[in-house]
Each structure stands twice: as structure tokens, then as C-alpha cells.
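The structure under discussion appears below in the form of C-alpha cells.
First the proteins, then the strands, lettered A, B, ... as listed; each starts at 1.
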Amino acid sequence: MEPLYRKYPIFIENSLTGKKEIFLPVSDGRVGMYVCGPTVYSDVHLGNARTFTSYDFMFRYFKHLGYQVRYVRNITDAGHLENDADEGEDKIAKKARIEQLEPMEIVQRYTVDFHEVMEKINALPPSIEPTATGHIVEQIQMIKTIIENGWAYQSNGSVYFDVENYNTKGGDYGVLSGRKLEDLQSGSRALDGQEEKKNAADFALWKKASPEHIMRWPSPWSEGFPGWHLECSAMSTKYLGEQFDIHGGGMDLKFPHHECEIAQNVASSGHKGAKYWLHTNMLTLNGKRMSKSTGNAILPKELFTGQNPLLSKGFNPSTVRFFMMQAHYSSILDFSDDALMAAEKGHDKLLGAIETLSKLQPSESSTYNVQDWVDRCYIALSDNFNSPILISHLFEAVKFINSCTDLSIGLSKGDLQLLTEKMNCFAFDVLGLRKEESSDSHKEALNKAMDLVIELRAKARDNKDWDTADIIRKQLTEAGIQLKDGADGTSYTL
RNA sequence: GGUUCCGUGGCCGAGUGGCUAGGCAAUGGUUUGCAAAACCAUGUACAGCGGUUCGAAUCCGCUCGGAACCUCCA
């Protein structure tokens, strides 16, 4: 059978070219995707979660189309300095010092936290999740190559990438971010400790550790640690090759992080690394990006429990995911309690309709063009992963499903099967929504109890004892159970 | 200051030259013992001002407002 990716080829907005391009993988039928993961020095906030949810959605769609995907998402556990003037303390080491813990205790704690959040939001684990400290050897090797190729220089035990030399000899530092070297140099401030560099735009590949720096490894140049940008180049090359398909990350990493990565890749192998560079946009709070350092952030666990002054209540992770998927990954998304409330209603309506669909009986013939709908859904997804458009199509189907109580409309057996399969597929497999899970035994007990209550109330209603019927309904509503009196009996939702 | 991007109806949010995106809210209706849910109907929305065009929310220019990056952040 022909794979779905042939029928619905993907078009991707490529940051490298600024154009929407057809996706043609390096190796037919396979996708290699690298995404810059978190620096594990504090709890991930909701903005971080948005980025990884966006890439998880793409990962899921690639797999759904039949691609064999290798998804690499790293954990930065060393080398990420407090500022990028290549000075300042390592983020992990600083936290370790403040909390009087081993750096690896910090790394472990926040890696676990990150995984918990990812699991809650239903993000699939990546194929490989490499760490910077686990790839010191590869990073040192890459630095050696870059030095041999003449693009880096040593200075006082540290090694810097020679940006000016790189660009003079045909490199195009600035290609991704649209920056010109002259602008960068004139725009740079004079910072302390820059005297080791030939030019302000140069960036560290290896830093000599100061005496108090606790995270350090031996190298040909000094006892020290790798520069932040290097880990991604080294690990993407190791696991995906010198030329692979997709490199993603948050918009804020476009410059300098990804710009530097490209330069390192070219300097060591002659290739830029990924063919398609993707950037997901920021999640804002009060119109400003969420950020750990400024404190303008909300944590996923606060959102799930409702324990934050900005929230009227807690929201389940699937609702949060739905909220994110209603916006395109490349747009700024503004967070608010109102927006979450609206998303929750929509999310529940969508899942409710999928439940209704599972109980629908086939008709003689169809009054809805399911195949056309399926095509439109795929076309939306393949058009730069347009989840909002997909969702609008899903709601078109929701409207149809909810109209099926009218006997003049319905679906043939084949169409019913197709719609059921695709609705479930798009909502759960691709968008990654998840039904509120409750344990089966509890559910069964509740169902039995509810059947009893509904039956007793039905008797009251038969006797036109509306007072009793209404009291039952009212009290159940207060307990969080909503009764719905339909033509074919009473049902309930939590 | 430099480099990008954005400004869509009460709110969120797609679209990017002609064809009502969608969700939430609101109003009216159908249904129902009453509700709820659902369905149907209802919005002269594209920051402002010019220009290009037969036609612009969509392209161009200017103005105003906001954001990201240029120092760490997804």
C-alpha cells in the first residue's frame, strides 16, 4: 500500500530560506529530526512545554503518515552559561552552589520534572534523548576538526570560533537570522572578559574552567567545559548525520544558538546540518514572553492544579494541549484564564462528539462526504502542520455527528467506519489529546450506581414527580455530574 | 539604534489578492415537564491613512501601537 506521505506531501516553512517548501527527506521514507531540549536547571514553564508539544505534534504526524522517524531531543546539563558573552557562571553549577547540591543532583531533579510534565501533556518520548555531559568526547573531537580546518583559535586555554575569518572565507554566519556581521560587531557592547576573543561576535567552543568552576573535563586545551552551542552540533551529527532533515527549537534560539550551530556544522563537515530549520513561537503571558529569569511564567503543574493567582481553576493537560493546538506553532500565543476556559468547552465538545460517534448506527447511505473531509484534514496538516485548520474541520464533523439524531441524515457502514477511525486518529494520535482516564473499576462502579439513580429518577418522572426528579438532578449537578434527558433515555457526563 | 515579526468582530484564533475558517461568549428559535446538551439562525472583523488593481484583511508606502532577537531563556 502506498504510504500516506506520498498522498499528502508535507510543506514546511523553512526558517533557513524563509519559504514554504515541499518536504523531501534526505533518505526516502525516513525523517531525522533534532530539537533543542531544555537546560535542566529549574522547573520547565508552560512556554517550554508549548515548544515541545509543538514538536511532539509534528513527530506524531510524521509517524502517522508512515515515515520512520528518529526524533532526537537533547538535555542540556552543562555548558549553558548565564550570559552569552561567554562569561558568567554555568546555569547548572550556579543552581548547585545555591542549593548546596551536586550539579548532577540538579540535573536529575529537573530532568525528572521535565519528563513528568511531558508525560502529563502526552508528549511521546523522543527516540534518543542525549545529554551534553554524555558527549564531551564527541564535542572535543568536533572542536579539533574545526581548529584543523582553520575556523577556530585558542586563547588562554579556551577555544573560540573565528566568525570573521569564517565569513571572509565564504562562510555565511548570519544566514539564518538575517544579521550582518558588521551590525553585530558595531552593536555589541564592551563586556568584561572579552579580551580573549579576537572579535565580539566570536563564540566559545571550549572554555577553560576558572578555579571555582566545578563542572570540568580534561581536553587538549585546558581543563574546562564545552560551549553551549557545540553540544547540539555534536549530538545531531552523531545521531542523525552531517545532513539530516529537520532541526527545531524555540524562536528565541534562532540567534545566536542556531546561527552558531550552523557555522560549527559547516566548519566541521561542510554541511549546514539540517535541511529544514523550524522555529516555534513564544507563549506569552500579559503580552510578554514567559521567562524564568523575569518571573513572568506559569508552571504546568500550577495550570493543572489551578494553584496560581492568574487561574480560576485547574485545567486538565489535554485541555491545555488543545489550547495550544488551536493556535499555529509559528504564531505567538497569548495565555489567559479566559482563553483556557473557552478551550476547555471546545475540547470537551470535541471529545464528547467522538464518544457519540462510537455509538452511532450505520444508515443505508451517507449524507456527508467523509472522504472529502478526510482529504481536507490531511491537506491542512500537511500544509505546514496547520493544527488550527485541522481543528476547524474536526468541528465541522462534530456538528454533523451531533445532527445524526435526525433520521434523515447518517452514514453508510463504510463511511461510519472511516469517520470513526479518522476522528480518533486526528484527535488522539496526531493532536495528542487524551480522554480523562479514570480507573476501570471505579468507572464500572460509578456506572452501576448511576444506572440505579437514573432508573429511580425515571420512575419519579413517569409519575410526574418533578420535585424528586429535579432534586436528584440538582444535587448530582452540584456533585459534578451532569444529567442529560434525551429522547432515548437519560445519560450523564462528569 | 540594528534585525525580524505582529495588530482580524465581546474574547481566543486561522486565512494572506475575489469563495461566510473554527472555538468561546451573546441574542432569537427548534427540542424538552422544566433544565442541560444538541441543532438552526443572527456579526457590514480585518489598527489608521494613502497607493496598486476590475477587485485588498491579503500587495506597496507612510503613521500609530505591540512583541521577539541583538546578554541567559523554548
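In this structure, Asp337(A) contributes its side chain and Ser312(A) its backbone to a donor-acceptor pair below 3.5 Å. Checked by atom type and distance alone, the side chain of Ser366(A) never pairs as donor or acceptor with a backbone atom of Tyr368(A) at under 3.5 Å. Side-chain N or O atoms of Asn296(A) include one that pairs as donor or acceptor with a backbone N or O of Arg289(A) at under 3.5 Å.
Helical stems of RNA chain B (runs of at least 3 Watson-Crick or G-U pairs, donor-acceptor distances under 3.5 Å) are listed by first residue: B:1-7 with B:64-70, B:10-12 with B:22-24, B:26-30 with B:38-42, B:47-51 with B:59-63.
When each of Tyr55(A) and Asp334(A) is assigned the nucleotide of RNA chain B bearing its nearest heavy atom, the one mapping closer to the 5' terminus is Asp334(A). The nearest heavy atom of RNA chain B to Thr405(A) and to Ser293(A) marks one nucleotide each, and the one closer to the 5' end goes with Thr405(A).
With sequence neighbours left out, the side chain to side chain donor-acceptor pair (under 3.5 Å) criterion links Tyr378(A) to His64(A), Lys422(A). Contacts of Phe385(A) classified as ring pair (Phe, Tyr, Trp, His ring centres under 6.0 Å), with partners at least two apart in sequence or in another chain: Phe62(A). Under the side chain to side chain contact (heavy atoms under 4.5 Å, CB included) criterion, Arg60(A) pairs with Asp56(A), Asn122(A), Leu124(A), Arg321(A), sequence neighbours left out. For Phe52(A), the ring pair (Phe, Tyr, Trp, His ring centres under 6.0 Å) criterion is met by Phe114(A), not counting sequence neighbours. Residues meeting the ring pair (Phe, Tyr, Trp, His ring centres under 6.0 Å) test with Tyr276(A), sequence neighbours left out: Phe23(A). By the ring pair (Phe, Tyr, Trp, His ring centres under 6.0 Å) test, Phe59(A) is found to be paired with Tyr71(A), residues two or more places apart in sequence or in another chain being considered.
When each of C69(B), A74(B), C12(B) is scored by its nearest atom to the side-chain atoms of Phe255(A), the top-ranked nucleotide is C69(B). Looking at the side chain of Ala339(A), the nearest of the listed nucleotides C12(B), C70(B), A74(B) is C12(B).
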So which protein nitrogen or oxygen atoms get under 3.5 Å of nucleotides 15-18 of chain B's nitrogens or oxygens?
residue: G15(B); atom: OP1; partner: Asn386(A); partner atom: ND2; Å: 3.2

Could you run down the sub-3.5 Å N/O contacts of the protein with nucleotides 64-68 of chain B?
residue: A67(B); atom: OP1; partner: Lys288(A); partner atom: NZ; Å: 2.9

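The interatomic distance linking Leu299(A) (CG) with A74(B) (P) rounds to 13 Å, in whole Å. Going from atom CE of Met325(A) over to atom P of A14(B) covers 12 Å, rounded to whole Å. Look at CD on Glu13(A): it is 15 Å from C1' on C6(B), rounded to the nearest Å. Per the geometry, CZ belonging to Arg461(A) stands 14 Å off P belonging to A36(B), to the nearest Å. Leu394(A) places its CG atom 16 Å from the P atom of A14(B), with the value rounded to the nearest Å. Across the protein-nucleic acid pair, Asp406(A) atom CG and U32(B) atom P stand 14 Å apart, rounded to whole Å. Leu278(A) has its CG atom 14 Å from the C1' atom of A74(B), to the nearest Å. Between Leu253(A) atom CG and C70(B) atom C1' the separation is 14 Å, expressed in whole Å.
A sub-4.0 Å separation between OP1 or OP2 of A74(B) and a side-chain N or O of Lys292(A) is present. Between Asn402(A) and A38(B) there is no side-chain N or O to OP1 or OP2 distance below 4.0 Å.
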Run the side chain to side chain contact (heavy atoms under 4.5 Å, CB included) test on Lys198(A) and Asp162(A) for me, step by step, so that the C-alpha distance in whole Å, both residues' side-chain angles and the decisive distance to 0.1 Å come before the verdict.
CA-CA 8 Å; Lys198(A) 288 205 265 184; Asp162(A) 193 336; 2.9 Å; yes
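Using a 4.0 Å heavy-atom cutoff across all strands shown, Leu283(A) reaches at least one base atom of the nucleic acid. Asp485(A) comes within contact range of at least one nucleobase, with a heavy-atom separation under 4.0 Å. Here Ser403(A) lies in heavy-atom contact (under 4.0 Å) with sugar-phosphate atoms only. Counting non-hydrogen atoms under 4.0 angstrom, Ser177(A) reaches the backbone sugars and phosphates but no base.
Every pair tested for ring pair (Phe, Tyr, Trp, His ring centres under 6.0 Å) that includes a residue from residues 465-494 of chain A fails, sequence neighbours excluded, so the list is empty.
For Tyr166(A) and Phe161(A), the distance between ring centers is under 6.0 angstrom.
In the region residues 466-473 of chain A, proximity to RNA chain B at under 4.0 angstrom, judged on heavy atoms, holds for Trp466(A), Asp470(A), Arg473(A).
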Any chance you could list the contact pattern along nucleotides 22-29 of chain B? Use B for base contacts, S for sugar-phosphate-only contacts and - for none, protein heavy atoms under 4.0 Å, 5' to 3'.
SSSS----
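Geometric assessment of Arg179(A) against the ring of Phe255(A) yields a positive cation-pi assignment under the 6.0 Å and 45° thresholds. Judged by the 6.0 Å distance and 45° axis criteria, Lys399(A) is not positioned over the aromatic ring of Phe395(A).
With Phe335(A) as the fixed residue, the side-chain contact (heavy atoms from CB on, under 4.5 Å) test singles out one of Leu340(A), Val320(A), Thr284(A): Leu340(A).
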